[in-house]
Amino acid sequence: MKQRIISSWHDFIRLSKDPLLLGVILLLLISLVLFIIYPLYKVVVVSFQVDGSFSIKNFTDVMTYSNGYYLKALFNSLLMGVATAVLGTFIAYIFAYSLTRANIPGRKFFNLIATIPIISPPFIGALAVIMLFGRNGFVSATLLGMQNANVYGPRGLLFAQVLTFFPVAYITLRGVLESISPTLEDAAMDLGGNRFTIFRKVTLPLSIPGIASSMLVLFVESLADFGNPLVLAGAQFPILSVQAYLEITGMGNFAKGAALAFILLVPSVSAYLLQKYWVSKKQYVTVTGKPTQSSNDVVSPTARRLLFVVCCLIAAVIIMVYASIVWGAFAESWGNSSKLTVQNFVYVWRVGFESVLDTLAIAGLSTPLAGTIGMVIAFLVVRKRFWGRKFMEFSSLLSFALPGTVVGIGYILAFNQHPLYLTGTLLILLLNFIFRYLPVGVQGGVAVLKQIDPSIEEAAIDLGADSNKTFRKVTLPLMIPAFFSSLIFSFVRSMTAISAAIFLVSARWKLMTVQIMSQVESGRIGAAAAFSLILVAIILAAMAVIKLILRLKYHTTSSILSH
Amino acid sequence: MSVTLVNITKIFTDQDDKSKEFTAVDSVNIEIKEGEMVTFLGPSGCGKTTTLRIISGFEKQTKGDVFIDGQLVNDLPANKRNSSMVFQSYAIFPHLTVEQNIGFGLELKGIKKSQIKNEVDAIMATMGLSALGSRQPSQLSGGQQQRVALARAIVTKPRVLLFDEPLSNLDAKLRDQMRTEIRRIQQQFGITSIYVTHDQAEAMTVSDRIMVMDKGRIQQLGTPFEIYSRPTNHFVADFIGRANFFKGMVKKIDTELTLEINQKEYRFPSFNKDVKVGKRATVVLRPEGLKIEKPNDQAFYNGVVQEAVYLGSTVEYQITVKGRTEPIVAISYNPVKEGLYRVGDQVGVSFDAVSAHVIS
């Protein structure tokens with residue numbers, strides 16, 4: 001212990017010779033504490049307090065409320081989490097396996113289709129479910145002639161969540177399958193295994209850690225999901241994140257809302273920690289010296305055809321979802337009239353133009369900040385030794401695990417009094433977005449830096465550069481691809497965010513997502529669809545611009561959707 | 001510019017368990033003269049690279065002083081020491097062209113663009129890089145990257161040039177070529193240089209002096225000739241080249257040393273100071289110092305050929321001898337004249353006392 005203190009002290013002394021570095025580290029540590037840890041702390045404190053003293057009364061109240069309504073919400077949330085995790089991972093695995101192993105035609109197309117849901121707002125799935133399977137739904141009413149089809153409840157929600165989150169699983173599993181050298185399968189075949197045995201005994205066991213990891217990630221995403229359940233869950237099938245929101249904005253009961261948020265936090269953080277510290281360490285790395293040539297013959301022609309058909313079906317569903325959004329945006333009255341019109345866009349222009357500007361301003365300001373801070377944190381965490389380094393890494397990545405609802409409640413609890421009175425300001429939205437979407441930059445930056453030989457930076461120092469110049473002239477340029485992909489990610493997330501932001505918007509600062517949500521709730525499906533379309537168009541335009549900058553200025557064409 | 005290390009010691013503490021310590025460098029003293037090229041040679045983990053990194057300023061010594069050109073530089077950070085390192089991985093900046101890489105250090109010094117261009121062009125001409133100025137590092141071969149790294153280090157006119165196993169990533173042929181080139185350029189510019197390697201052939205070709213290290217300590221400091229033919233101890237004799245060791249008892253020391261081996265007395269002109277009369281000592285005999293002949297009573301040893309590797313100009317023999325676990329290794333030159341022995345043949349082994357050396 002004493003040794004540790006002494007060595008921390010030495011670290012500090014060493015850093016104090018570089019005041020700029022020390023200042024940056026201190027500023028970042030303070031910010032992380034203030035904008036990630038402190039709101040979380042407030043949620044815990046408020047939920048465990050009644051009249052200023054420690055109590056678990058809020059929890060007992062919540063659990064016994066209305067014949068265990070909230071208990072049911074907890075159960076439903078966990079159920080949806082497990083179901084989404086299993087189904088989403090299953091579909092994603094089929095997709096990823098078909099694309100990396102089966103050599104099916106149209107792989108680029110399928111890959112594109114699978115990544116589309118990533119750049120769209122998280123409640124597009126819910127909107128599409130209503131448009132396709134709802135009372136006036138295209139499939140339910142028009143095609144099947146059903147009267148009063150009810151999509152509200154677990155089935156509709158499961159469809160929406162799987163659609164929304166399976167791309168995350170797909171990207172994880174694709175990476176895992178790509179890293180399994182095909183020569184292993186060739187070797188197994190060479191040893192006399194038939195194709196199905198090879199899949200069972202080699203490919204599947206090697207991808208188990210990836211599958212586990214993908215399930216945990218989907219579980220966390222589903223628990224944290226707010227947009228889909230708000231639209232689709234309905235009163236009969238309460239979901240925890242929505243109930244916590246209603247408890248606060250509907251009834252103004254902060255203590256109970258905080259208690260619900262805390263209950264939501266426990267399984268999310270547990271699953272995240274399990275994924276980060278246990279499953280991810282079990283990942284197999286199959287190291288081979290040279291890029292390996294494979295006959296790519298591990299899938300029989302019959303299986304290949306079958307997989308192709310399955311992929312086509314999945315792709316068809318996704319296309320149908322997006323087609324319905326486009327169609328809905330131009331339809332005069334969804335389900336009643338098939339006439340095409342632009343009146344939805346005119347309406348959106350009238351009521352929503354302000355929110356478009358606000359959203360663009362907020363996303364446009366927070367994105368570069370989140371990206372830059374992410375790179376700086378990645379650099380410090382990988383390359384520097386200082387007191388608080390582990391904390392910096394942990395807290396900056398923690399947002400991955402925190403459901404937006406919890407963060408949103410934490411922010412209104414933490415920043416509604418002096419000296420940190422921020423309620424209703426632009427600043428609170430900016431801070432929330434910056435620190436929520438920091439992890440991607442940190443993670444991407446860390447991954448890049450670990451591949452850069454430290455001697456490259458030493459070479460710069462050796463030639464006379466100080467730490468500031470070394471970072472600016474050598475390290476940062478090498479991190480550019482990671483920087484831009486984190487920009488894209490946090491821009492997309494900022495544009496489509498709702499779960500935390502819905503607590504922080506005000507009359508002065510409006511977000512498109514929240515506006516879309518209220519259109520859905522008031523039944524203006526066409527307007528919501530038109531609004532969503534505009535949102536996706538803005539995102540695509542921004543991505544195109546960033547890609548163009550990358551190509552022209554840095555000559556890289558790194559796959560920016562690979563995170 | 002001279003480099004002087006006084007009592008340099010480096011102790012690493014375990015990052016996880018701070019009570020665990022490891023002495024990487026143990027009381028190293030050396031004076032490197034201006035324009036000299038000294039090699040730190042030793043097995044991996046012997047402390048050679050750590051010593052180099054202490055000179056460059058990337059590591060801070062636990063104890064001792066570093067002087068560059070008489071100036072104490074203990075508290076001078078790496079970027080102010082005016083030393084240049086050629087890294088094992090070359091550490092070429094992947095986002096800069098060849099020219100930009102070489103000019104990087106000059107640019108940091110705030111030198112005018114036109115002058116940078118002149119100096120970069122000049123060094124590229126010397127290094128045979130002129131045609132590659134606008135290339136990206138990814139378009140260079142290993143040997144070319146090595147040249148760029150060397151050019152980048154030299155162009156800033158450093159007080160001392162440091163090489164951290166610079167050739168270990170090259171193939172054998174290129175390695176031979178580059179080591180002569182490094183030596184040529186070092187002598188042409190007359191830069192004081194320190195060269196770290198675990199490859200003794202490399203050390204032999206490039207160095208004025210070699211510092212052999214093991215377990216953090218200097219084992220021997222001397223010219224390549226001294227290191228090879230007059231090793232100070234068993235480790236050096238064994239690490240540099242191949243050696244046969246024969247134990248014996250010291251009978252007498254005058255101008256020569258008399259050693260009793262296998263109940264016979266032999267006289268050796270070359271021996272270490274710490275060898276004492278009445279104590280045991282070891283004679284070091286290199287394979288090329290032994291002669292293979294027909295078995296005879298005057299022979300040092302008589303034995304049986306266990307292995308014979310014919311390489312054209314030489315033959316390498318391994319000879320098993322009664323009472324010795326290790327076979328004797330001998331190299332016979334000009335086998336056409338000396339005759340060829342086959343596995344299983346009875347042979348005698350004799351030596352020339354001039355090529356032997358006695359250690360304690």
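Per chain, numbering begins at 1; letters A, B, ... match sequence-line order.
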- Please check if atom NZ in B:Lys60 has more than 12 non-hydrogen atoms from other residues, nucleotides or ligands closer than 6.0 Å. yes
- Task: Specify the closest pair of heavy atoms between B:Leu108 and A:Ala460, including all atoms of both residues, with the distance to one decimal.
- Result: CD1-O, 4.1 Å
- Inter-residue atom distance A:Asp453.CG - B:Ile92.CD1, 0.5 Å rounding: 11.5 Å
- Please round to the nearest 0.5 Å and tell me the distance separating atom OG of B:Ser56 and atom CD1 of A:Ile461. 9.5 Å
- Looking only at heavy atoms, which of residues 72-81 of chain B get nearer than 4.5 Å to chain A? B:Ala78, B:Asn79
- In Å and rounded to the nearest 0.5 Å, what is the CG to CZ distance from A:Asp462 to B:Phe104? 11.0 Å
- Message: Under 4.5 Å from any heavy atom of chain A, what part of B:Thr156 do you find: side chain, backbone, both or neither?
- Response: side chain
- Task: Mark yes or no for whether B:His95, through its side chain, and A:Lys473, through its backbone, hold a donor-acceptor pair below 3.5 Å.
- Result: yes
- Toward chain A, the part of B:Leu96 with a non-hydrogen atom under 4.5 Å: neither
- Message: For chain B, which candidate among A:Pro454, A:Ala465, A:Ser455 shows the most heavy-atom pairs at distances under 4.5 Å?
- Response: A:Ser455
- Taking all non-hydrogen atoms of both residues into account, name the closest pair between B:Phe58 and A:Glu458 and its distance. CZ-O, 3.2 Å
- Task: Check whether more than 12 heavy atoms from other residues, nucleotides or ligands sit under 6.0 Å from atom NZ of A:Lys450, and answer yes or no.
- Result: no
- Query: Side chain, backbone, both or neither: which part of B:Glu107 has an atom under 4.5 Å from a heavy atom of chain A?
  - Reply: side chain
- Query: Rounded to the nearest 0.5 Å, how far apart are OG of B:Ser89 and CD1 of A:Ile452?
  - Reply: 12.0 Å
